[in-house]
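All of these numbers come straight from a predicted model, not from anything done at the bench. All ligand and atom numbering here is 1-based and tracks the order in the structure.
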Amino acid sequence: MNPPTTGNESNPYLQMRKRLDKAAQLVELDPGHYEILSEPFQELSIAIPVTMDDGSLRVFKGYRVQHSIARGPAKGGVRYAPDVHLDEVRALAAWMTWKCAVVNVPFGGGKGGIICDTRRMSQAEIERLTRRYASGLLDIIGPERDVPAPDMNTNEQVMAWFMDTYSMHQRATQTAIVTGKPIGLGGSKGRREATGLGVAMIAQEALKYAGLPETGCRVAVQGSGNVGGLGALFMHERGHKIIAMSDMYGAIRNDEGFDMPVLLEHLNQTGKLTGFAGATDFAGEELLTIDCDVLIPAATENQITSGNADAVQAKVIVEGANGPTSAEADAILEAKGIVVVPDILANAGGVTVSYFEWVQNRMGYFWEKQDVFDRMERIMVEAFHDVEAAAKKHDTSLRIGAYCVAVERVAYCLNMRGMYA
Ligand code: NAD
């Protein structure tokens with residue numbers, strides 16, 4: 001049996017294991033299956049040599065972790081950041097397993113990362129890094145094996161380079177090797193908006209669940225990237241007031257609510273939120289504890305911890321980011337009566353549309369955006385109700401309810417497939 005998960009609130013992998021342990025007990029998971037699911041199925045650490053623009057050679061460290069392939073090919077993004085570490089990638093890979101199972105798409109979970117600072121690299125250097133990383137993964141990836149996607153600091157262009165590198169080795173264009181590609185190169189309409197839109201769809205369900213008004217709520221959003229920026233836009237479109245937002249440079253507030261399309265245009269022009277006309281700048285750390293109805297952490301891991309959970313004033317938290325709340329903070333928030341919609345449900349719109357992209361690539365037939373959004377909404381709403389039912393059945397939080405749904409679905413596949421020995 002694997003060692004117990006104790007200590008270290010800032011280690012995302014231990015945090016994932018704490019939630020898994022609780023759900024495993026509640027669903028009476030077979031001890032052998034617990035042992036399988038508490039460790040990654042396969043992980044690769046690679047050295048990635050890159051010739052820099054000045055002619056020097058630098059070696060970057062990269063990872064790809066496949067947590068589970070019980071339900072289908074591993075699925076999950078690739079993150080480029082200076083602070084990427086193996087336990088973070090392991091946690092992100094496991095969260096992908098649980099997320100795909102919660103929305104019931106036929107994928108397992110994987111994640112990749114490279115320790116690098118893309119702000120200090122040219123596009124040509126990022127391209128060479130991506131191609132060498134993709135070639136280093138050739139033995140473990142493929143449309144039926146492991147399908148990467150964008151994550152923090154990777155985008156459609158990075159996916160296009162990744163797809164091209166894989167295709168050159170296959171001697172044929174293989175669009176289904178990655179999702180999150182440019183639309184003209186096999187990407188799905190609606191993928192760019194999917195995670196933020198899914199956050200807004202799930203927030204509406206959460207407001208009903210919490211007995212709050214379905215319009216006119218005061219919303220604070222941490223992070224203004226793909227998830228936070230678009231999540232805020234879709235909440236605004238649903239009649240809510242976005243009263244505060246932050247990014248890595250600072251935070252802004254306006255109690256009357258922002259005109260979101262104008263704010264996003266300001267962000268596009270200036271690269272930061274601060275300095276927006278009619279808004280007051282304030283310190284980013286204060287965003288999480290501001291007086292609001294709905295808080296959407298949509299930046300990064302480990303933001304709501306035992307150090308600040310008691311000061312959170314929101315009535316509902318909808319996790320746009322992966323792993324923003326620690327297990328220790330969960331207990332504090334629960335005692336305060338705050339409804340927390342977990343990451344593996346709230347931000348699953350992205351992987352749902354990634355699944356649609358993979359399906360469209362394999363069919364060679366592409367859907368209209370409204371069709372994508374309608375199919376996605378059916379899946380997200382059904383997933384919310386599955387999680388709500390599991391939480392009720394096991395008398396637990398929505399987070400542990402979501403883990404229960406996911407763990408039971410993965411365990412079902414392990415059981416039906418049996419053990420090849
Ligand atoms: P992004 O790079 O587009 O945006 C990240 C945003 O967070 C930026 O605005 C950045 O300035 C801000 N930020 C970073 N550190 C911050 C801090 N300490 N305080 C405040 N703001 C900070 O990334 P993204 O794609 O929006 O991803 C955000 C989170 O959502 C990540 O946890 C990611 O794994 C998760 N996620 C993304 C998707 C997707 O489809 N993009 C899907 C599921 C989950």
(message) Under 6.0 Å between ring centres: does that hold for His67 and Trp95?
(response)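 His67 vs Trp95: aromatic centres not under 6.0 Å.
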(request) Just say parallel, tilted or perpendicular for the rings of Phe107 and Tyr355, cut-offs at 30° and 60°. (result)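 Geometry flag for Tyr355 against Phe107: perpendicular rings.
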(request) Please list, by chain and number, the protein residues whose heavy atoms come under 4.0 Å of ligand 1. (result)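 Ligand 1 is contacted, at a heavy-atom distance under 4.0 Å, by Arg79, Lys99, Asp151, Met152, Arg191, Thr195, Gln222, Gly223, Ser224, Gly225, Asn226, Val227, Ser246, Asp247, Met248, Ala298, Ala299, Gly320, Ala321, Asn322, Asn347.
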(message) Testing the basics here: between Leu230 and Asn226, what is the closest heavy-atom pair and its distance to 0.1 Å?
(response)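 Closest approach of Leu230 to Asn226, heavy atoms only: CB-O, 3.3 Å.
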(request) With sequence neighbours left out, write down each residue that passes salt bridge (charged side-chain N to carboxylate O under 4.0 Å, His left out) with Arg409, or none if nothing qualifies. (result)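 Only Asp386 meet the salt bridge (charged side-chain N to carboxylate O under 4.0 Å, His left out) criterion with Arg409.
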(message) Check this for me, if you would: do Arg253 and Asp281 make a salt bridge, where the nitrogen-to-carboxylate-oxygen distance has to be below 4.0 angstrom?
(response) no
(request) Output yes when Asp371 and Lys189 qualify as a salt bridge under the 4.0 Å nitrogen-oxygen rule, no when they do not. (result)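 No.
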